[in-house]
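Report on the structure given below.
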Amino acid sequence: MNIEKIMHNLEKKNPGEVEYLQAVREVLESIEDIYNENPQFESGNIIDRIIDPDRIFTFKISWVDDNGKVHVNRGYRVQFNNAIGPYKGGLRFHPSVNLSILKFLGFEQIFKNSLTTLPMGGAKGGSDFDPKGKSNGEIMRFCQGFMMELWKIIGPETDVPAGDIGVGGREIGFLYGMYKKLARENSGVLTGKGLNWGGSLIRPEATGFGTVYFADEMLKTKGESFAGKIVALSGFGNVAWGAAIKATELGAKVVTISGPDGFVFDPDGISGEKIDYLLELRASNQDIVKPYTYEFPSAQFHQGKHPWEVKCDIALPCATQNELNKEDAQHLVNNGVLCVAEGANMPSTPEAVEVFLDHKILFAPGKAVNAGGVATSGLEMSQNSMKLSWPMSEVDTRLHQIMCSIHEQCVKHGTDANGYVDYVKGANIAGFLKVANAMLDQGVV
Ligand code: NDP
């Protein structure tokens, strides 16, 4: 495999798509050896076929705000690869959304979904719509407009979207309501649904819980655990709150949360009623970071800073892509961090990853660590197909088993001669092999 040539061609076809190119390069570098050892991949031209999405849809959403003003946003769905199951991946509503970001996320999703052991292909979608500061009515009208286009290309056996940044239970509800009206069916077409209408127990917490289950497996390889550890995490969204709850439950103290404008450090720990308060703020669409410090004076707000400067044992970046840079990684290492597990997708820059790997820190990438979200979406799809609901304990047990299995696959494919586990390599190889072999089995389509 000639990585530079592949990247050169990809860059020519996708100029300036930084995040997408970054994600592809990382995977190619990890799988190079295994690819070269298996000539059938080259003769099937698997690389060219896997790095380009199957298809991309873009569409316009016109909607009216509460003052009667008309707005226009752009919507996307990137259907990347369906070799092992229906396209599956979240929808992101955020002003930063563009094709590069959705292609990077869709590409990552192929390997993540493969790792879960469940039959799901890779996809991603969303819009540059900003839900922040919008009323419920505005969000509903936007979601309805979005679904007026999206419903034509999704279905329970073709493409099953879910939430991501800016898309939580409320948005999934509005999207599902409109899909049901248009398609005239109640089906598992979206995951992250409400419990009363087809949702699965544990799905809201699943990505955060899974993140902690995975990190716990990493710690066990060093004879360590969460008990008594200090945890720094970023963001406070769908992923971070579940991670904060589970880390606390396992005996750790979570001391940071963050937003785009800075982070909060609470030396007393962020748990219990503090988490309830944060969730209330989130539900009412308010900024959460600064109000937290007014309510709990033990906490300090650090404007424009990242939580990674705080001394911690475990770092869980749970906010967004490229939020942890080389300098942040160096801070964490200098402060003796034991484990860095990515709850978000690609939160560490390639330079930061290099620092972690050079210092042989326990470090694992989002596609392995945060796969519990989509895995539980897969469990939601199974329950929808069977028209039944599993109890909480059953979903949680399955989630836990899946996270342990992903960890085993990473160890199997990522352990080097000195016993160090390169989780990036392990996750990429394990995820790739399953999809590539499925593509070969199914011929050139
Ligand atoms: P949310 O929108 O629920 O939460 C994101 C959080 O990060 C918010 O608290 C947000 O603050 C904060 N944030 C956004 N930008 C920055 C920034 N530049 N610096 C610091 N904080 C920031 O999103 P999710 O929790 O759903 O997703 C977070 C990450 O996890 C994404 O990478 C997503 O792709 C990934 N992921 C999500 C899954 C899920 O189940 N939801 C599944 C797997 C991965 P504010 O609200 O103030 O903007």
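Just so you know, residue 1 is the first one in the sequence shown, and it goes up from there. Just follow the structure's listing: the first ligand is 1, and inside any ligand the first atom is 1.
Between the side chains of W197 and N186, no donor N or O sits under 3.5 Å from an acceptor N or O.
With atom 28 (C) of ligand 1 as the reference point, the heavy atom nearest to it among A319, G235, G237 is part of A319.
Summary of contacts: the protein heavy atom closest to atom 9 (O) of ligand 1 is F236 N, 2.8 Å. Given atom 35 (C) of ligand 1, the protein heavy atom at minimum distance is N345 ND2, 3.6 Å.
Contacts between E205 and ligand 1, counted as non-hydrogen atom pairs separated by less than 4.0 Å, are absent for every part of the residue. With a heavy-atom cut-off of 4.0 Å, Q321 does not touch ligand 1 at all. Looking at H94 against ligand 1, nothing comes within 4.0 Å, counting heavy atoms. The part of T207 lying near ligand 1 is the side chain, judged by heavy-atom distances below 4.0 Å. In K132, the part holding a heavy atom less than 4.0 Å from any atom of ligand 1 is the side chain.
Judged purely by atom type and a 3.5 angstrom limit, T349 uses its side chain to pair as donor or acceptor with the backbone of A352.
Using a 4.5 Å heavy-atom threshold, the side chains of F265 and V255 count as touching.
Interface of R203 with ligand 1, defined as ligand atoms under 4.0 Å from a residue heavy atom, comprises 40 (O). For ligand 1 and C318, the ligand atoms under 4.0 Å from any heavy atom of the residue are 28 (C), 29 (C).
A cation-pi arrangement, defined by a distance under 6.0 Å to the six-membered ring centre and an angle within 45 degrees of its axis, is absent between K305 and F263. Geometric assessment of K134 against the ring of F129 yields a positive cation-pi assignment under the 6.0 Å and 45° thresholds. For the pair K274 and F296, the cation-pi test (distance below 6.0 Å, angle within 45°) is passed.
A salt bridge links E394 with R398: the distance from a Lys NZ or Arg NE/NH1/NH2 to an Asp or Glu carboxylate oxygen falls below 4.0 Å.
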